[in-house]
Colleague: 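Sending over a structure as structure tokens; questions will come in a sec.
Chain naming here is simple, since letters A, B, ... match the order of the sequence lines and numbering starts at 1 in each.
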Number of protein chains: 2
Amino acid sequence: MTNFTDRQKQIIQASLDLIANYGIHGLTIKNISKKVGISEPAIYRHFESKTDILLGIISKIKESSGMDSFVPADETKNTIAIIRETFTNRAKRFTKNPSIAAVIFSEAIFENNSQLYAAIGNIMEESQMKCVNIIKKGQNEGQIVDYIDAEQLALMIVGAFRLLVTKWHMSKNSFDLEEQTKILFNALEKIV
Amino acid sequence: MTNFTDRQKQIIQASLDLIANYGIHGLTIKNISKKVGISEPAIYRHFESKTDILLGIISKIKESSGMDSFVPADETKNTIAIIRETFTNRAKRFTKNPSIAAVIFSEAIFENNSQLYAAIGNIMEESQMKCVNIIKKGQNEGQIVDYIDAEQLALMIVGAFRLLVTKWHMSKNSFDLEEQTKILFNALEKIV
DNA sequence: TTAATGTTTGTTAATATTCACTAACATAGT
DNA sequence: ACTATGTTAGTGAATATTAACAAACATTAA
């Protein structure tokens, strides 16, 4: 979609880090410019407004939980394995860039701008729908129990993962997210 | 614990509503004073600082998901019934005061003040621990399957409920939270 | 009963600070 | 010469908070 310059990517990452460490109040043009190492007005050479920077953040978030991340490499794979891999991959990406994890499940950050709020809501909705569809497919193929609604199962899976990531962030990444994700999906496998 | 005057309660509720509707950026002394119908400095007759108001909010949140809310009325009750009732009650309370629901699972709101952040983290931790303990008790009594770790089960239950409430808030309370909570726990019952 | 006094809760006006953003100008590479 | 990217110095608006003062009310003393 949008192609960002190196400087823009740098600004987006700096913003992400600021939010992760100091909350949405920490995201000021002054702080961004300090982190990037240029003056405040120089930021405006790369983004028209602060809202534009936030849109850049959302675009980066989309990358990290967007459509493709649910498409399995191998169509013949077991449905449960697909789900497990999807979330393990996310955990891996969050571990690589913890700031994304801090922002991706904090919709509240965008609540004062309806454009941004709608965008983050869409990402959430889409990701959940993908999960529901995969589960349904698994149920049709007899790989997942069908006495539980796919919607409810998706709520549990996505909800549990979100909470795990939130706890990971709040603990200042003090445990191995990937490992805990695996443990979670081991437990889930016994259920579905 | 803390005893609030009527005016203080009014300020806390106004603040809660502001956050719920406009996000943390909407919470300004000016907006609070407008909502309460007094001048800005008058707010300082009732709270020493804005942080103090936020502490008041956290105190109110504690009421709504605190210790007692997990204590069962009837000790002889089925463990699963206790869990179901606990969360149904929470859903009821959120329906009565949707603004609390908007704030209670949005830790990001408090991220710029370590005192507040630690407080909300504690509430979260405590609530989760209570859930784990109840599950363990249920497992010991043979009412809940024991081939899944209590920690993982709690993660699923609390996580699913949190996500449900978040979706409810983001949809501007467009569905019946209590009903959906019941549906969720019907599904959970089939698993545990 | 009345006068004096203190407390509570409010007001208007002003404070310093921070915010996002702009104008004008500089420099280096194409 | 032009464009991209930077600078310094400033803008007005919004922020939390304080100072100084006033009305309403309760308590106490004459």
Side-chain angles (χ1 to χ4, degrees), chain A residues 2-59 103 108-117 119, chain B residues 2-59 103 108-117 119:
Chain A
T2 324
N3 242 16
F4 292 112
T5 65
D6 282 358
R7 190 60 110 191
Q8 281 177 320
K9 284 181 205 159
Q10 202 185 354
I11 290 171
I12 289 173
Q13 185 60 47
S15 303
L16 228 29
D17 294 344
L18 282 168
I19 295 176
N21 288 320
Y22 310 106
I24 191 62
H25 279 121
L27 186 71
T28 66
I29 302 294
K30 193 175 195 168
N31 287 345
I32 297 170
S33 68
K34 250 191 250 165
K35 214 154 214 208
V36 174
I38 56 179
S39 67
E40 293 180 52
I43 299 290
Y44 289 90
R45 295 289 178 201
H46 306 278
F47 286 97
E48 279 198 359
S49 66
K50 195 181 164 183
T51 298
D52 260 28
I53 297 176
L54 283 160
L55 282 170
I57 289 177
I58 285 184
S59 160
V103 175
I109 288 171
F110 305 101
E111 209 160 11
N112 71 313
N113 182 316
S114 56
Q115 187 193 2
L116 302 175
Y117 198 54
Chain B
T2 324
N3 242 16
F4 292 112
T5 65
D6 283 357
R7 189 59 110 193
Q8 282 177 320
K9 284 181 203 157
Q10 202 185 352
I11 290 170
I12 290 173
Q13 184 60 48
S15 303
L16 226 30
D17 293 344
L18 281 169
I19 295 176
N21 288 320
Y22 310 107
I24 191 62
H25 279 120
L27 187 71
T28 65
I29 302 294
K30 193 175 197 169
N31 287 344
I32 298 170
S33 69
K34 253 192 246 166
K35 215 160 209 196
V36 174
I38 57 179
S39 68
E40 296 179 51
I43 299 289
Y44 290 90
R45 295 291 177 200
H46 306 279
F47 286 97
E48 278 199 359
S49 66
K50 194 180 163 185
T51 298
D52 260 28
I53 298 176
L54 283 161
L55 282 169
I57 288 178
I58 285 183
S59 161
V103 175
I109 288 171
F110 306 102
E111 208 159 12
N112 69 313
N113 182 316
S114 56
Q115 185 192 5
L116 302 174
Y117 199 55

Colleague: Mind checking which nucleotides bracket the chain B contacts on DNA chain D, 5' to 3', with an atom under 4.0 Å from a heavy atom?
Modeller: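 With heavy atoms of chain B under 4.0 Å away, the range is D:dT15 to D:dC21.
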Colleague: Between C:dC19 atom C1' and A:His25 atom NE2, what is the distance in whole Å?
Modeller: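 The answer, rounded to whole Å, is 11 Å.
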Colleague: Can you check side-chain contact (heavy atoms from CB on, under 4.5 Å) on A:Ile43 and A:Ile53, steps first, answer last?
Modeller: CA-CA 10 Å; A:Ile43 299 290; A:Ile53 297 176; 3.9 Å; yes
Colleague: Round to a whole Å and report the spacing from OH of A:Tyr22 to P of C:dT18.
Modeller: 16 Å
Colleague: Could you check how far CD1 of A:Ile53 sits from C1' of C:dC19, rounded to whole Å?
Modeller: 13 Å
Colleague: Could you run down nucleotides 20-30 of chain C 5' to 3' and tag each one B, S or - for protein heavy-atom contact under 4.0 Å?
Modeller: SBBBBB-----
Colleague: Please work out which of the three classes, parallel, tilted or perpendicular, describes the rings of B:Phe4 and B:Phe47, given edges at 30° and 60°.
Modeller: tilted
Colleague: Starting at atom CD1 of B:Ile43, determine the distance to atom C1' of C:dT8, rounded to an integer number of angstrom.
Modeller: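 For the pair B:Ile43 CD1 and C:dT8 C1', the rounded distance is 15 Å.
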Colleague: If you define the side chain from C-beta out and look only at heavy atoms, does anything of B:Lys50 sit under 4.5 Å from B:Leu27?
Modeller: yes
Colleague: C:dT11, OP1 or OP2 - any side-chain N/O from B:Ser39 closer than 4.0 Å?
Modeller: yes
Colleague: For A:Lys34 and C:dT18, give me the distance from atom NZ to atom C1', rounded to whole Å.
Modeller: 11 Å
Colleague: Tell me whether A:Ser59 contacts the main-chain N or O of A:Leu55 through its side chain, where contact means a donor paired with an acceptor under 3.5 Å.
Modeller: no
Colleague: Can you check whether B:Ile57 reaches B:Ile109 side chain to side chain, under 4.5 Å on heavy atoms?
Modeller: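 No. Closest side-chain heavy atoms not under 4.5 Å.
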Colleague: Between the side chains of A:Asp17 and A:Gln13, is a donor N or O closer than 3.5 angstrom to an acceptor N or O?
Modeller: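 There is such a pair (donor and acceptor under 3.5 Å, judged by atom type) between the side chains of A:Asp17 and A:Gln13.
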Colleague: Restricting to non-hydrogen atoms, name the atom on A:Thr5 and the atom on A:Gln8 that form the minimum distance, rounded to 0.1 Å.
Modeller: N-OE1, 2.9 Å
Colleague: Can you tell which of B:Ile29, B:Asn31, B:Thr28 makes a side-chain contact (heavy atoms from CB on, under 4.5 Å) with B:Glu40?
Modeller: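 Result: among B:Ile29, B:Asn31, B:Thr28, B:Ile29 is the only option passing the side-chain contact (heavy atoms from CB on, under 4.5 Å) with B:Glu40.
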